[in-house]
Every structure is written in C-alpha cells, then in structure tokens.
Amino acid sequence: MKLVKVYVTIKKSVLDAQGEAIKSAIHSMGYNQVSDVHMGKYFELNFADDYADLEKEVDAICDDLLSNPNIETYRYEITEAE
C-alpha cells in the first residue's frame, strides 16, 4: 500500500491573509524573530494498489479537489504505508 502526503500552500504571488494574521499574533506574543508565516493544508491519501498511474491520479486529485490552481500550489511525497 502507498501513502501519499500532500502539502498545499498559497502561491508566493498571492497575499496570504491568514498567514499575516498568524504572524501578527506571534509578534504580539513577543516572538519578533519570525519574519514570515504561510498557512497551508495537509492531506494523507492511502492507495490500495501500487500501479504506474499513481502520480497521474494524485496530480488529478490535487488539481480537481485538494487545491485551487489559481492561488495555490501543491507538492507530495509517496512512501510505503505502514
């Protein structure tokens, strides 16, 4: 079985309002060395079979459902599930 870990983040060219709010809160707590915060999403997908089209299907799932390609980017890691 394969485990796919998907990380979705806002593109650098798009204002990350949630990240800015979190950074402001961190600064108000006195942690002024934090220069940037980027908010994101994390998903784990388990695939029952190992097959040649795995990466193609993961790309399709990410493009069609897990991310908004206009404002977000994604990356993923494929590992053996435990």
Side-chain angles (χ1 to χ4, degrees):
M1 184 166 15
K2 295 291 184 182
L3 170 65
V4 181
K5 298 177 181 180
V6 180
Y7 306 89
V8 180
T9 54
I10 299 288
K11 290 181 178 180
K12 300 256 187 238
S13 61
V14 176
L15 174 66
D16 185 352
Q18 287 179 311
E20 288 298 315
I22 294 167
K23 181 176 81 173
S24 177
I26 289 171
H27 286 177
S28 72
M29 296 171 64
Y31 301 105
N32 295 317
Q33 297 302 319
V34 175
S35 62
D36 232 350
V37 176
H38 297 280
M39 182 76 180
K41 299 180 277 188
Y42 172 73
F43 302 93
E44 289 186 354
L45 308 174
N46 288 294
F47 285 81
D49 299 313
D50 184 21
Y51 53 96
D53 289 337
L54 177 62
E55 289 186 23
K56 183 178 175 181
E57 284 198 10
V58 171
D59 283 325
I61 292 168
C62 290
D63 287 334
D64 295 342
L65 180 65
L66 301 182
S67 73
N68 178 342
N70 295 318
I71 62 169
E72 295 174 319
T73 187
Y74 65 86
R75 66 180 175 83
Y76 56 86
E77 303 168 2
I78 300 173
T79 61
E80 291 293 329
E82 295 179 9

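If you're wondering where the values come from, they're calculated on a predicted model, not measured in any experiment.
Here the closest non-hydrogen pair linking A25 and S28 is O-OG, 2.7 Å. When all heavy atoms are compared, the tightest approach of G19 to M39 is N-CB, 4.2 Å. Closest of all the heavy-atom pairs between V8 and L66 is CG2-O, 3.9 Å. Taking every heavy atom of both residues into account, E20 and D36 meet most closely at OE2-OD1, 4.1 Å. In terms of heavy atoms, N46 sits closest to A81 at OD1-CB, 4.1 Å. Nearest heavy atoms, M1 versus F47: CG-O, 2.9 Å.
Counting heavy atoms from C-beta outward, F43 and V4 have side chains that stay 4.5 Å or more apart. Considering only heavy atoms from C-beta on, Y74 stays 4.5 Å or farther from K41 through its side chain.
Using a 4.0 Å cut-off between a side-chain N of Lys or Arg and a carboxylate O of Asp or Glu, E72 and K11 do not qualify as a salt bridge.
Residues L65 and Y76 are members of one and the same hydrophobic cluster, defined by side-chain heavy-atom contacts under 4.5 angstrom among Ile, Leu, Val, Met, Phe, Trp and Tyr. Hydrophobic cluster membership is shared by L54 and V6, with clusters built from Ile, Leu, Val, Met, Phe, Trp and Tyr side chains linked at under 4.5 angstrom. Cluster membership for I78 and Y7, using ILVMFWY side-chain heavy atoms within less than 4.5 angstrom, is not shared.
For CD of Q18, the number of neighbouring non-hydrogen atoms (other residues, nucleotides, ligands) closer than 6.0 Å is 12 at most. Other residues, nucleotides and ligands contribute more than 12 heavy atoms inside 6.0 Å of the CD atom of E44. The number of heavy atoms from other shown groups lying within 6.0 Å of OH (Y31) does not exceed 12.
Hydrophobic cluster membership for L15: none, as no Ile, Leu, Val, Met, Phe, Trp or Tyr side chain comes under 4.5 Å of it.
Counting only distance, with no hydrogens or angles, the side chain of S24 and the backbone of A21 share no donor-acceptor pair below 3.5 Å. Judged by distance alone, the side chain of H27 and the main-chain N or O of V34 form a donor-acceptor pair under 3.5 Å.
Here the straight-line distance linking atom OG of S67 with atom CD1 of I61 works out to 11.5 Å at 0.5 Å rounding. Here K23 contributes atom NZ and H38 contributes atom NE2; the two are 8.5 Å apart, rounded to the nearest 0.5 Å.
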